[in-house]
Amino acid sequence: MFEQKSARSTPSAGLLEGTCSAWRSRWLRASWGLALALGGVACADQQVVIGVFTPERPRFTPPQKVATLNDDAARDEDPTLTGDLLEIHFMSERGTSQDIWISRRAGLDSPWETPTVDLAENLNTEDDDDTPAISNDGLRMWFFRGSAERSGIWMSERASRDAPWGEPSYVDALNPGHDDGTQAMNPHVDLPELRVVVGLNGPDTQGWDLAIASRERPQDEWGEFVPLAELNDAGDQLAPFLFDDGRQILFRSGDDLYWARRPGTNDAFEPPQPLEEVNVPDARENDPYLSPDGSILFFSSERSGGTDIYEARRIAP
């Protein structure tokens, strides 16, 4: 079922060496906000700013519940945001089934509006619709639908951020082995839309395992899934979030969130590390979403007794 696909090459460290000394000097004089603005530069010794290749796992401030988004009587999880962080989609059980809800805000310092299910009318059915993953521009959405007829990953598009979502379609390429009993869910498509990571559960997995597929261009069909064997174990691995051109990943293993890195997209991931300041004992942390600049982490947690959406700020390197 799985076939290894060729990985895209990444720039060698040697190409960056000439800029490292000058860049370090600028960075040391810069404020934290300026460092974020310069997030595309990395040096040969891997001294970097947020959102770019880093030798150490990201660290975060104590998480805070996003009160406006949560309903204390319902399960709220699976947050996914547009790249400007002004629109969030998430799953909530505050209706009669698991549905995708939407909230917006006027600016990064503005409060979230009261979530509504009306804006996601075409995304929801009487079946369970959850684990949404929205594109950076907010015009494409991948999500899981637990349909009795075609359970798996679906996709919807819209013409603009103000337009309604179109009628979803079942994505055959993202549901490998479905006819043989393999289930796919928790899709995450990376920022350039060239890689997708999902959770798979079927005859060839240990439970829920992570697998990745790629393509050369966003308009191309997805290639075959390849298991991320180095991240999978006998437990469940789900809710992947791939970033940094495929070199870093966040995901859930068991009841905790983990981070892993790899030197290049054709390399195996190194042993994952738990996000210790985000995880709490006796509660499940799930569904990580990291902002494009790497500065804000959204996720769901059961620490309050129910399942709610939280956010944490990344600590400067």
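In this text the structure is predicted, and so the values were computed from the model without any measurement.
- Counting only heavy atoms from C-beta outward, the side chains of Asn186 and Ile153 never approach each other to under 4.5 Å.
- Interatomic distance, CE of Met91 versus CG of Leu123, reported as 14.0 Å (0.5 Å rounding).
- Arg145 and Ser147 share no side-chain donor-acceptor pair at under 3.5 Å.
- Surrounding CD of Glu221 are at most 12 heavy atoms belonging to other residues, nucleotides or ligands under 6.0 Å away.
- In this structure, Phe144 is not a member of the same hydrophobic cluster as Val197, with clusters built from ILVMFWY side-chain heavy atoms closer than 4.5 Å.
- Under the 3.5 Å distance criterion, the side-chain polar atoms of Asp256 are left unmatched by any main-chain donor or acceptor of Arg252.
- The side-chain heavy atoms of Tyr289 and Leu250, taken from C-beta on, include no pair separated by under 4.5 Å.
- Of all heavy-atom pairs between Phe225 and Pro176, the closest is CD1-CG, 3.4 Å.
- Judged by the 6.0 Å and 45° rule, Arg57 forms no cation-pi pair with Trp259.
- When the shell of 6.0 Å around CD of Glu167 is examined, it contains more than 12 heavy atoms from other residues, nucleotides or ligands.
- The structure places CG of Asn286 at 7.0 Å from CG of Leu257, a figure rounded to the nearest 0.5 Å.
- Between Arg161 and Asp137 there is no salt bridge, since no side-chain nitrogen of the basic residue lies less than 4.0 Å from a carboxylate oxygen of the acidic one.
- Under a 3.5 Å cut-off, the side chain of Thr80 and the backbone N or O of Ile134 do form a donor-acceptor pair.
- Between Val196 and Leu174, some side-chain heavy-atom pair lies under the 4.5 Å cut-off.
- In this model, a donor atom of one side chain and an acceptor atom of the other lie less than 3.5 Å apart for Ser253 and Gln237.
- Here the side chain of Asp209 pairs a donor or acceptor atom with the backbone of Gln206 at under 3.5 angstrom.
- Side-chain atoms of Asp84 come within 3.5 Å of backbone atoms of Leu86 as a donor-acceptor pair (strictly under, hydrogens ignored).
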* Asked: How far apart are the C-alpha atoms of Trp154 and Tyr170, what are their side-chain angles, what is the distance that settles it, and do they pass the ring pair (Phe, Tyr, Trp, His ring centres under 6.0 Å) test?
  -> CA-CA 4 Å; Trp154 294 64; Tyr170 185 81; 5.6 Å; yes
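- Pairing each heavy atom of Pro274 with each of Asn279, the nearest pair is CB-ND2, 3.9 Å.
- Follow the hydrophobic side-chain contacts under 4.5 Å out from Leu275 and you reach Ile296 in the same cluster.
- With 3.5 Å as the limit, one finds a donor-acceptor pair spanning the side chains of Ser97 and Asp99.
- Under the 3.5 Å distance criterion, with hydrogens and angles disregarded, no donor-acceptor pair is assigned to the side chains of Ser103 and Glu113.
- Atoms CD1 and CG, on Ile212 and Leu242 in that order, are 5.0 Å from each other to the nearest 0.5 Å.
- Electrostatic pairing of Arg158 and Glu87 counts as a salt bridge here, judged by a charged N lying under 4.0 Å from a carboxylate O.
- Remark: Arg94 qualifies as a cation-pi partner of Trp101 under the 6.0 Å distance and 45° angle criteria applied to the six-membered ring.
- Salt bridge Lys65/Glu311: absent, no basic N to carboxylate O contact under 4.0 Å.
- In this structure, the side chains of Asn136 and Pro292 come closer than 4.5 Å at one or more pairs of heavy atoms.
- Listed by chain and residue number, Ala312, Arg313, Ile315 satisfy the side-chain contact (heavy atoms from CB on, under 4.5 Å) test with Thr61 (two or more places apart in sequence, or in another chain).
- Between Arg215 and Asp220, none of the side-chain N atoms (NZ, or NE/NH1/NH2) sits under 4.0 Å from a carboxylate O, so this pair counts as no salt bridge.
- Note on Asp308 versus Arg303: no salt bridge recorded, every NZ/NE/NH1/NH2 to OD/OE distance being 4.0 Å or above.
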* To do: Could you give me the CA-CA distance, side-chain angles and deciding distance for Met141 and His89, then say whether side chain to side chain contact (heavy atoms under 4.5 Å, CB included) is met?
  => CA-CA 10 Å; Met141 169 79 72; His89 290 59; 3.2 Å; yes
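- No path of Ile, Leu, Val, Met, Phe, Trp and Tyr side chains, each step under 4.5 Å between heavy atoms, connects Leu108 with Ile102, placing them in separate hydrophobic clusters.
- Distance alone, capped at 3.5 Å, is enough to place a donor-acceptor pair between the His178 side chain and the Ser151 backbone.
- Of the N and O atoms on the side chains of Asp287 and Ser300, at least one donor lies less than 3.5 Å from an acceptor on the other residue.
- Using a 4.5 Å heavy-atom cutoff, the side chains of Trp142 and Ser156 are not in contact.
- Nearest heavy atoms, Gly152 versus Asn175: CA-OD1, 3.2 Å.
- At a threshold of 4.5 Å between non-hydrogen side-chain atoms, the residues Arg262 and Glu270 do not count as touching.
- We find the CD-OG1 distance between Glu285 and Thr307 to be 10.0 Å, quoted to the nearest 0.5 Å.
- Electrostatic pairing of Arg75 and Asp130 does not count as a salt bridge here, judged by no charged N lying under 4.0 Å from a carboxylate O.
- Under the 3.5 Å distance criterion, the side-chain polar atoms of Glu230 are matched with a main-chain donor or acceptor of Phe269.
- Although no hydrogens or angles enter the test, the distance criterion places a donor-acceptor pair under 3.5 Å between the side chain of Asp190 and the main chain of Leu194.
- In the hydrophobic clustering of this structure, Leu238 does not group with Leu200; members are Ile, Leu, Val, Met, Phe, Trp, Tyr whose side-chain heavy atoms approach within less than 4.5 Å, directly or through other members.
- Listed by first and then second residue, the ring pair (Phe, Tyr, Trp, His ring centres under 6.0 Å) pairs that reach into residues 181-212 are His188-Phe241, sequence neighbours excluded.
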* Would you please test Asp172 and Arg150 for salt bridge (charged side-chain N to carboxylate O under 4.0 Å, His left out) and show each step? => CA-CA 10 Å; Asp172 288 299; Arg150 303 202 84 182; 3.1 Å; yes
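- A distance-only check finds a donor-acceptor pair linking the side chain of Arg105 to the backbone of Leu85 [under 3.5 Å].
- Here the straight-line distance linking atom CD1 of Ile100 with atom CG of Asn122 works out to 11.5 Å at 0.5 Å rounding.
- Under the 4.5 Å side-chain heavy-atom criterion for grouping Ile, Leu, Val, Met, Phe, Trp and Tyr, Phe243 is connected to Leu297 within one hydrophobic cluster.
- The side-chain heavy atoms of Asp71 and Asp76, taken from C-beta on, include a pair separated by under 4.5 Å.
- Glu277 CD: more than 12 foreign heavy atoms inside a 6.0 Å radius.
- Among all heavy-atom pairs drawn from Ala239 and Pro288, the shortest one is O-CD, 3.4 Å.
- Considering only heavy atoms from C-beta on, Phe299 comes within 4.5 Å of Pro63 through its side chain.
- Atoms CG and CG, on Leu191 and Asp245 in that order, are 9.5 Å from each other to the nearest 0.5 Å.
- Nearest heavy-atom pair, Gly223 versus Ala213, reported as atom, atom and distance to 0.1 Å: O-CB, 3.5 Å.
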* To do: Using the salt bridge (charged side-chain N to carboxylate O under 4.0 Å, His left out) rule, take Arg140 and Glu193 through it: C-alpha gap first, then chi angles, then the decisive distance, then the call.
  => CA-CA 10 Å; Arg140 289 163 297 286; Glu193 299 183 31; 2.8 Å; yes
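- Of the N and O atoms on the side chains of Thr182 and Asp180, not one donor lies less than 3.5 Å from an acceptor on the other residue.
- Of the possible polar contacts, none joining the Arg284 side chain to the Glu302 backbone as a donor-acceptor pair under 3.5 Å is found.
- Nearest heavy-atom pair, Leu119 versus Trp165, reported as atom, atom and distance to 0.1 Å: O-CD1, 3.8 Å.
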